Amino acid sequence: MRLEVSNLSVRLGEKVLLKDISFELESGEKLGVIGASGAGKTLLSLALAGVLPEKFETNGQILFDGSDLLTLSPQELAEIRGDHIGFVFQEPRVALNPLQKAGRQITEALTNHYSLTKQQRSEAATRLAEKVGLTDIDRILNSYPHQISGGQLQRVAIAAAISTEPKLLIADEPTTALDVSVQRGVLDLINSLSRGLNIATIFVTHDIAVLSQIADTVLVLDGGKPVEAGTLAHVLTSPKHEVTRELIEAARSAEWGTKSE
Amino acid sequence: MMRSPRSIFALSVLALVALTALLSLVWLPGDPFYADPYRAWENPSPSHPLGLDGSGRDILSQLILGSRVTVIVAVGATAVAGVFGAIFALLGSVGRRWMREPVAVLIDVLIAFPTLLIAMMFASVFGGSVWVVVMAVGIGFGVNIGRVMRAEVMQVARTGYVLSARAIGASRLSVLTRHILPNVSAVFILQLALAMGIAILAEAGLSYLGFGAPPSMPSWGRMLAEAQPFLSVHPLTVMWPGLAITLTVLASYLLGDALREALDPNLRMRSNPRKTTTTGVFAR
Ligand SMILES: Nc1ncnc2c1ncn2[C@@H]1O[C@H](COP(=O)(O)OP(=O)(O)OP(=O)(O)O)[C@@H](O)[C@H]1O
Ligand SMILES: [Mg+2]
């Protein structure tokens with residue numbers, strides 16, 4: 001898999017919300033996208049997944065294995081989404097249908113792209129639930145989202161996203177809604193999945209501490225513009241831009257804050 | 001699921017009304033049209049358990065026969081309102097892009113026409129009849145349902161799970177049938193129950209004004225209208241149709257409420273109601 005984004009811009013009327021984003025990503029690589037609130041991180045991940053509402057105007061190129069996602073027909077796009085590109089949202093409680101049981105939702109992407117028997121579907125759900133480290137699987141698969149904890153739900157959402165063994169996983173702040181101990185588990189999960197399945201990952205966060213546990217390369221956004229890019233070590237040790245320095249500073253003081261408690 | 005005292009009461013009342021209407025097809029305690037002016041306002045007696053009205057007609061027989069109109073109007077108007085509302089709501093929210101705004105404007109225009117005005121227009125063309133009431137209330141409240149459901153569909157269409165369903169390649173149709181419709185069905189059913197209550201009330205009102213059922217077809221609304229001037233002298237005569245209308249309307253509201261709770265696990269479990277996506281991107 002090879003993803004090549006060049007000069008991706010998103011506008012809403014006169015307002016430029018994302019400007020000239022460019023990066024490349026290969027199988028197994030993990031790109032961390034970081035920026036303060038309102039920097040355009042969610043906008044970028046939605047644009048990459050092709051689910052921005054119609055009122056936003058998108059320009060540039062998103063080459064996914066050579067085909068430009070921005071010029072594909074809706075049918076061609078629907079085939080790639082979910083099958084080759086998986087998506088995890090910031091808030092699992094919002095990203096899952098409150099009226100459908102978890103088991104059904106884990107295999108939704110699968111059933112969108114392949115025809116499965118009921119038997120195959122429930123086997124797939126169990127296998128995926130095991131893969132993302134869920135315990136008490138039978139109960140969870142037969143529960144509605146409001147009967148499941150946030151951390152378990154995010155694992156359900158991740159299981160749904162990787163059900164088709166996508167080549168690219170886009171995760172928009174998948175750990176922000178979770179408490180720190182659960183966060184760690186989800187990060188480990190994404191790390192091991194990307195290694196095990198050789199998935200390319202785009203990981204969005206506003207937290208440098210989280211970023212440093214997952215990313216190989218980093219893209220820093222500020223006000224919709226890319227202000228810094230490079231390997232994780234390079235960006236962390238010699239940040240060039242003011243915004244990057246501030247984010248590192250914020251993470252550091254947060255760390256001290258917890259230590260001095 | 002529907003075991004609360006409230007829903008048992010609601011179902012019993014509505015079942016009783018429906019059974020009464022069926023019963024009227026095969027049996028009536030007396031002749032509801034036979035008028036004996038010399039016995040006007042006569043008090044209840046074994047042969048006339050609810051007494052006689054101002055024209056000396058048997059109240060019980062009229063009440064039983066009148067339930068037919070109530071059932072026809074309740075079922076008919078609710079069905080018309082549901083169909084109209086669903087069409088408006090879907091065209092205005094997930095229909096083709098170019099028709100969404102015009103449909104919204106049309107809803108706003110139609111909502112300005114009160115049900116009464118629609119009924120008068122129909123009645124002046126077709127003459128007063130039960131069907132005028134059915135169509136007037138159906139269209140009048142259908143527009144309301146259209147507006148409520150359109151907003152509802154649009155809200156659900158912006159939620160994270162619809163977004164994520166699209167992000168994993170679900171077709172428009174499966175997004176609609178699997179995610180949007182199930183999540184708006186509870187509100188729709190509540191609206192239908194409201195429509196039913198309003199239809200029964202409107203029938204009473206329209207019959208009172210002479211746009212409803214013709215004199216050859218007794219209805220609770222007409223009975224109420226005819227007896228109402230004598231309320232202070234013969235309160236019982238007014239009470240029977242009044243009680244019937246009140247109980248039926250109350251029952252349909254309670255049923256709607258009970259159904260909604262039974263259908264919506266979020267409400268049932270008293271946990272988080274539906275949330276829209278936290279990102280600002282999908283804000284209107
Ligand atoms: N529906 C919208 N209409 C107009 N502007 C919008 C809309 N949604 C987002 N924006 C603009 O786009 C910018 C980027 O928003 P985005 O949601 O991508 O930020 P973010 O980096 O994900 O922030 P956070 O960390 O808070 O999630 C915001 O500053 C906002 O002004
Ligand atoms: Mg965001």
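Only a predicted model underlies this, so the values are computations on that prediction, with no experimental measurement involved. Reminder, nothing fancy here: chain letters follow the sequence lines and each chain counts from 1.
Here Ala95(A) is the residue among Ala95(A), Ala157(A), Ala109(A) with the most heavy-atom pairs under 4.5 Å with chain B.
Within a 6.0 Å sphere centred on CZ of Arg178(B), other residues, nucleotides and ligands contribute more than 12 heavy atoms. The number of heavy-atom neighbours closer than 6.0 Å to CZ of Arg172(B), taken from other residues, nucleotides and ligands shown, is 12 or below.
Remark: Asp172(A) CG to Ser164(B) OG distance equals 12.0 Å, nearest 0.5 Å.
At a heavy-atom separation below 4.5 angstrom, chain B is approached by Ala78(A), Arg81(A), Gly82(A) within residues 72-82 of chain A.
Under the ring pair (Phe, Tyr, Trp, His ring centres under 6.0 Å) criterion, the residue pairs touching residues 89-116 of chain A are Phe87(A)-Phe89(A), with sequence neighbours excluded.
Residues His179(B) and Gln105(A) have side chains that never bring a donor and an acceptor to within less than 3.5 angstrom of each other.
The two residues Asn112(A) and Ser174(B) have their closest heavy-atom pair at OD1-OG, 4.4 Å. Scanning all heavy atoms of the two residues, the minimum distance from Leu52(A) to Arg166(B) falls at O-NH2, 4.5 Å.
Within the 4.5 angstrom heavy-atom criterion, no atom of Ser163(A) approaches chain B. Residue Arg97(B) touches chain A through its side chain alone, counting heavy-atom pairs closer than 4.5 Å.
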- request: Any chance you could lay out the side-chain contact (heavy atoms from CB on, under 4.5 Å) test for Ile168(B) and Thr164(A), step after step, and finish with the verdict?
  value: CA-CA 10 Å; Ile168(B) 59 175; Thr164(A) 52; over 6 Å; no
